[in-house]
Amino acid sequence: MIKVEICTGSRCMMEGASTIFDILEDLSEEIVERHPEVKIEIGNSICKQYCKKDPSLVPVVEINGEVIFNASTQVVMEKVMDLVKLEL
Ligand code: FES
């Protein structure tokens with residue numbers, strides 16, 4: 001199971017979290033279509049106050065418990081694909 005949680009607090013959303021969410025959903029559909037045995041769960045998380053500690057940390061994405069700060073779509077996709085390869 002690959003579990004991705006994208007912070008949907010306002011600061012993360014302003015810094016691209018919604019784009020990451022949309023692209024990841026598309027990627028996830030493609031992966032599951034090709035490899036139905038792979039389980040991917042994409043969800044939202046509330047603001048965990050990282051943005052208050054340091055605004056440069058957003059957007060924040062958590063993948064199987066690993067917190068990725070200043071997450072880009074590319075980095076998130078790469079991490080998910082690495083985990084998919086481990087599950088195959
Ligand atoms: S809005 Fe995402 S960490 Fe605060």
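Counting convention: from 1, in listed order, for ligands and their atoms alike. Since this is a predicted model, take the numbers as computed values, not measurements.
- Evaluation of the salt bridge (charged side-chain N to carboxylate O under 4.0 Å, His left out) rule for Glu66 yields Lys79 as partners, not counting sequence neighbours.
- For a distance threshold of 2.8 Å, the protein N, O or S atoms nearer than that to atom 2 (Fe) of ligand 1, listed by chain and number, are Cys7 SG, Cys12 SG.
- Between Lys48 and Glu62 there is a salt bridge, since at least one side-chain N of the basic residue sits less than 4.0 Å from a carboxylate O of the acidic one.
- Between Ser18 and Met13, the closest heavy-atom pair is CB-CE, 3.5 Å.
- Under the 4.5 Å side-chain contact rule for hydrophobic residues, Val75 and Ile6 share a cluster.
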Would you give me the side-chain donor-acceptor pairs under 3.5 Å for residues 80-88, sequence neighbours excluded?
unit_1	atom_1	unit_2	atom_2	d
Glu87	OE2	Met1	N	2.7

Please tabulate, for side-chain N and O atoms in residues 20-39, each donor-acceptor pair with protein atoms closer than 3.5 Å (sequence neighbours left out).
unit_1	atom_1	unit_2	atom_2	d
Lys39	NZ	Pro36	O	3.2

